[in-house]
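Encoded as structure tokens, the structure appears first; notes follow it.
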Amino acid sequence: MARLLGINHIALEVGDVDDALAWYGRFFAFELRGRAGARMAFIDLGDQFIALAAGRSQPEDEGRHFGLVVDDKEGVRAALLDGGVGVRARGRLDFRDPWGNHVEVVDYRDVQFTKAPEVLRAMGVEAPAKSDAAREELRRKGVEGA
């Protein structure tokens, strides 16, 4: 039986790809991996990506969501608040984009998620140090040196 190893990409349905790139670009620094015409764009996450696809037709997401790992969660919170997006002033950071996609933002320091050093170098990013709790979770899983 095949073992799950990770997530290559997620796909988000949006109304308009150019509008979505502009909207997400107000809150996150990212590189565009590529496009497939006017109906799809790919936001690079190093060894993963987000696919934006035009044509959302379902209602807003409630329980269904995805989590983005960032190097500065509080910076994202400040940008969202400045941009008029309703988010909590502290603690958990969740929002819905204009197309109803439910996004949770988590800080790299606080999660088990790790990027390989060579991927971080290629992205031009220096990973922040993990919190004590995250390092302990990683150690329990046998991931040393995190």
Side-chain angles (χ1 to χ4, degrees), residues 1-36 40-53 56 58-146:
M1 184 175 275
R3 176 119 178 141
L4 289 171
L5 298 178
I7 296 172
N8 173 255
H9 71 280
I10 59 166
L12 298 179
E13 293 176 333
V14 297
D16 179 88
V17 170
D18 290 325
D19 289 346
L21 288 169
W23 193 86
Y24 277 98
R26 293 172 47 205
F27 310 112
F28 301 98
F30 61 81
E31 298 291 326
L32 191 61
R33 181 178 283 196
R35 292 191 70 132
M40 289 199 85
F42 309 100
I43 295 173
D44 192 61
L45 301 174
D47 55 349
Q48 302 162 310
F49 65 95
I50 297 172
L52 299 176
R56 182 164 173 114
Q58 71 268 22
E60 284 190 355
D61 293 330
E62 293 297 327
R64 180 179 56 190
H65 71 280
F66 71 98
L68 289 176
V69 178
V70 299
D71 60 355
D72 183 7
K73 176 181 156 184
E74 295 310 316
V76 174
R77 184 188 312 276
L80 288 164
L81 286 168
D82 287 348
V85 179
V87 297
R88 296 179 185 160
R90 66 182 66 83
R92 188 177 169 126
L93 180 54
D94 290 89
F95 66 89
R96 281 190 184 77
D97 71 14
W99 304 277
N101 295 299
H102 181 173
V103 182
E104 180 179 356
V105 178
V106 293
D107 197 296
Y108 184 88
R109 296 166 188 82
D110 299 327
V111 296
Q112 295 178 41
F113 174 89
T114 60
K115 285 278 194 189
E118 58 272 17
V119 173
L120 289 169
R121 273 192 305 277
M123 293 176 74
V125 172
E126 186 172 322
K130 293 288 189 182
S131 68
D132 291 340
R135 279 196 307 274
E136 180 56 31
E137 286 181 42
L138 288 162
R139 274 193 291 275
R140 281 196 306 259
K141 290 187 169 203
V143 179
E144 299 300 323

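- Residue-environment remark: CD (Gln112) exceeds the threshold of 12 foreign heavy atoms within 6.0 Å.
- Scanning all heavy atoms of the two residues, the minimum distance from Ile43 to Leu52 falls at CD1-CD1, 3.8 Å.
- The pair Asp18-Arg35 meets the salt-bridge criterion, since a charged nitrogen lies less than 4.0 angstrom from a carboxylate oxygen.
- Interatomic distance, Asn8 CG to Asp47 CG, rounded to the nearest 0.5 Å: 8.5 Å.
- You'll find the side chain of Trp99 reaches within 4.5 Å of the side chain of Trp23, heavy atoms only.
- Between the CD atom of Glu137 and the CG atom of Asp132 there is a distance of 11.5 Å, given to the nearest 0.5 Å.
- Ion pair Arg139/Glu136 flagged as a salt bridge, since at least one NZ, NE, NH1 or NH2 atom sits closer than 4.0 Å to an Asp/Glu carboxylate oxygen.
- Judged by distance alone, with hydrogens and angles left aside, the side-chain atoms of Lys130 form a donor-acceptor pair with the main-chain N or O of Val111 at under 3.5 Å.
- Of all the heavy atoms in Glu104 and His65, the pair that sits closest is OE1-NE2, 3.2 Å.
- Taking all atoms of both residues into account, the shortest heavy-atom contact from Leu93 to Lys73 is CD2-O, 3.6 Å.
- In this structure, the side chains of Arg109 and Arg135 stay at 4.5 Å or more apart for every pair of heavy atoms.
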Side chain to side chain contact (heavy atoms under 4.5 Å, CB included) between Phe28 and Val105, worked out: CA-CA 11 Å; Phe28 301 98; Val105 178; 4.1 Å; yes

With a 3.5 Å cut-off and sequence neighbours excluded, list the donor-acceptor pairs that the side chains of residues 81-89 form with protein atoms.
none

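- Put simply, the side chain of Asn101 gets close to the backbone of Glu13: a donor and an acceptor are under 3.5 Å apart.
- For the residue pair Leu21 and Ala41, the shortest heavy atom distance occurs at CD1-CB, 3.9 Å.
- The side-chain heavy atoms of Leu80 and Val76, taken from C-beta on, include a pair separated by under 4.5 Å.
- Side-chain atoms of Arg33 and His9, non-hydrogen and from C-beta on, never get closer than 4.5 Å to each other.
- The nearest pair of heavy atoms linking Val119 to Gly46 is CG1-CA, 4.1 Å.
- The distance from the CD1 atom of Ile7 to the CD atom of Gln48 is 7.0 Å, given to the nearest 0.5 Å.
- Looking only at distances, a side-chain donor or acceptor of Tyr108 sits under 3.5 Å from a matching main-chain atom of Lys115.
- Between Val103 and Leu68, the closest side-chain pair of non-hydrogen atoms falls below 4.5 Å.
- To the nearest 0.5 Å, atoms CG (Leu138) and CZ (Phe113) are separated by 11.5 Å.
- Surrounding CD of Gln58 are more than 12 heavy atoms belonging to other residues, nucleotides or ligands, all under 6.0 Å away.
- Ion pairing between Arg56 and Asp61 holds under the 4.0 Å rule for side-chain N and carboxylate O.
- When all heavy atoms of Arg77 and Glu74 are compared, the pair lying nearest together is NE-OE1, 2.7 Å.
- Within the model, atoms CD1 of Ile10 and CG of Leu45 stand 8.0 Å from one another, a figure rounded to the nearest 0.5 Å.
- To the nearest 0.5 Å, atoms CZ (Phe66) and CG (Leu12) are separated by 4.5 Å.
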